[in-house]
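Protein chains get the first letters and strands the later ones, always in sequence-line order, with residue 1 at the start of each.
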Protein chains: 2
Amino acid sequence: MHDPVDTLVNERPILPKPASFLTRKLVGHRGVNAEDGRWLDTILQRNQRSVEPGSALVELGAPHSEIHVIVGGWAMRRKKMRDGSNQIVALHLPGEICEFNAVLGMVSDTETVAIDRVRAAAISARTLNELSTHPRLGRALWWESMASGAIQRQWFANVASANAATRMAHLLCELEQRLHLVGGSQAHGEGRVFTCPLTQMHLGNATAMSVEHANRTLAQLRRQFGLRAKGGLIEIDDLAGLQAFCGFDPGYIVLDAKSHAPSIMHGAAR
Amino acid sequence: MHDPVDTLVNERPILPKPASFLTRKLVGHRGVNAEDGRWLDTILQRNQRSVEPGSALVELGAPHSEIHVIVGGWAMRRKKMRDGSNQIVALHLPGEICEFNAVLGMVSDTETVAIDRVRAAAISARTLNELSTHPRLGRALWWESMASGAIQRQWFANVASANAATRMAHLLCELEQRLHLVGGSQAHGEGRVFTCPLTQMHLGNATAMSVEHANRTLAQLRRQFGLRAKGGLIEIDDLAGLQAFCGFDPGYIVLDAKSHAPSIMHGAAR
DNA sequence: CGTTATGTTGAGCTCCCTCAAGGTTGGTGG
DNA sequence: CCACCAACCTTGAGGGAGCTCAACATAACG
């Protein structure tokens, strides 16, 4: 039972600390080599900014020409509903990319807001162009975009056909898995722990249930699987049990790039 | 009140009939020029195949290296749930592109199945590479990918926070709009008509309600907005009323590429 | 002209929402 | 160190939107 960051670094000793979460994931799971990883790290160290909880990282309605990478903290992508409420449609964890659509200068239909304090690195259109010299990196970013699409579909399928307990369990398993990919989930006895700034309000909103029902649902999962979610920390004693309960299959998140995958995307997205 | 196809052709007289639905959309709404449109049309005429209702266009679990363009007919993308049921997570209409993730050789988490008889054109990885010589076309495809993401988010937000009648109305408005973009929705008195092979079972599944409730909901909309959905045809007398009822805003589908949008995606997705 | 898919309507039940009222925690200023 | 306040969490009770089960009607189809 060792620190997952060290594990990654040991497996690829060329990659120096501090490597950003994104770089760790791309090098560890998306087939990016150490050199490209280092280059990405230098880019991520430029243009960083800090966003206060509740402030927008990407505003609604305005066209953008840069994407953002979460360096630290959590953000939510939300959609304003007609009745004035806000619906969370996605969560962005450290090492993840916000609003791919911004690359095209597309007007956003959503806004992205910091949950706790977020540190984000902007990657400009100009810089993205330079990616042409690093094809594997470009492909990895595409991959990330497709993976976030898979997560979006999973959210829809769940809310469309699973009950409250299953949805909540599934979201928690998903978050654990996504953090796991960047070394943000630690072993804890038989189970797992990770920091998580989401309140029950956020968890409820993201899984389409009222705060009260979110609370009751979490209480049920606590009893059944030794789940504790409080004070910015989530502990899961019986992760395997929780995963079995909601039918969680990590495949749609990991989606390892290993085998197949010719160097196709050259040009496909020019 | 004239035929929308002729309108498009008249605006861009260089583009010969028969232009595929996709080409019409890209030239009419995504800033693709006539020359690129013609080239796309020739590509779409190669590698076409016909898929019987209920058969898979893209199978689950296998990695692919080509994308499909729907030339005619409707398809659904669905996800197998743990309880054995199938959840529709997306619909694919004529002129739309299926399973962008296939481009990366990614294993699919879903399967895409023909609803009525579908005619689809496969675009191989090799051909996609040639897109590098047609940057505006490549950008337009990216744009399509992002637009389908916006639709997916809208579906999620709706099922997460709107009631049955609103969800159903919104889906119908969305389908009308998407068909409108390819000239597949016709004027009909004050309202609109379009062919639609979806049964109430499909409509219910896609909007997360039982068949029976879908039926009751459609009956309500028929009374309120003069909606008829039967026998493969949908008629909407009071489209404006229906749109207002569900707060439909076409912006997230049209997402016109007009203004901003530098020729960024070069390389960003290599 | 039977057979199968689809559409229609009714009745009871359940999951989850809403409203309401505490309880707990953590941060802030005195 | 304590008082206070604002989030956040917790629990209860009642109601309603939509599900399930069960018929039956109608349309599509060979």
Query raised in the report: For A/A214, which contact category applies under a 4.0 Å heavy-atom criterion: base, sugar-phosphate, or nothing?
Result: nothing
For B/R117, I'd like to know if atom CZ has over 12 heavy atoms of other residues, nucleotides or ligands within 6.0 Å. no
Atom CG of B/N205 and atom P of D/dG18 are separated, to the nearest Å, by 16 Å
Contacts of A/M209 and A/G231 projected onto DNA chain C by closest heavy atom; the upstream (5') one is A/M209
Check your understanding: Which part of the nucleic acid, if any, lies within reach of B/T199 when heavy atoms closer than 4.0 Å are counted: base, sugar-phosphate only, or nothing?
Key -> sugar-phosphate
Among D/dA13, D/dT10, D/dC19, the one nearest any side-chain atom of A/R222 is D/dT10
(message) Under a 4.0 Å threshold between the charged nitrogen and the carboxylate oxygen, would A/K80 count as salt-bridged to A/E111?
(response) no
Taking the basic N atoms (NZ, or NE/NH1/NH2) and the acidic carboxylate oxygens, is any pair closer than 4.0 Å for B/E212 and B/R216? no
(request) Given side chain to side chain donor-acceptor pair (under 3.5 Å), test A/H213 with A/S210 step by step and report yes or no. (result) CA-CA 5 Å; A/H213 203 64; A/S210 64; 5.5 Å; no
Value for CD (B/Q200) from CG (B/N215), rounded to nearest 0.5 Å, stands at 4.5 Å
Here the distance between atom P of D/dA28 and atom CG of B/L233, to the nearest Å, is 11 Å
From CZ of B/R216 across to C1' of D/dC21 the rounded distance in Å is 11 Å
Whether B/K230 contacts D/dT26 is assessed here as follows: a side-chain N or O lying under 4.0 Å from the phosphate OP1 or OP2. Is that the case?
no
Between CD of A/Q200 and P of D/dC9 the distance, given in whole Å, is 4 Å
Can you classify the ring geometry of B/H170 versus B/F248 as parallel (below 30°), tilted (30 to 60°) or perpendicular (above 60°)? perpendicular
To the nearest angstrom, the CG-P distance between B/N215 and D/dC19 comes to 13 Å
Atom CG of A/L203 and atom C1' of D/dA7 are separated, to the nearest Å, by 16 Å
Chain B reaches DNA chain C, atoms under 4.0 Å from its heavy atoms, from C/dT6 to C/dA11
Tested for side-chain contact (heavy atoms from CB on, under 4.5 Å) against A/C246, the lone hit among A/L171, A/T166, A/L221 is A/T166
B/M201 atom CE is separated from D/dT20 atom C1', nearest whole Å, by 17 Å
Separation of D/dG16 atom P from B/H213 atom NE2, nearest Å, is 15 Å
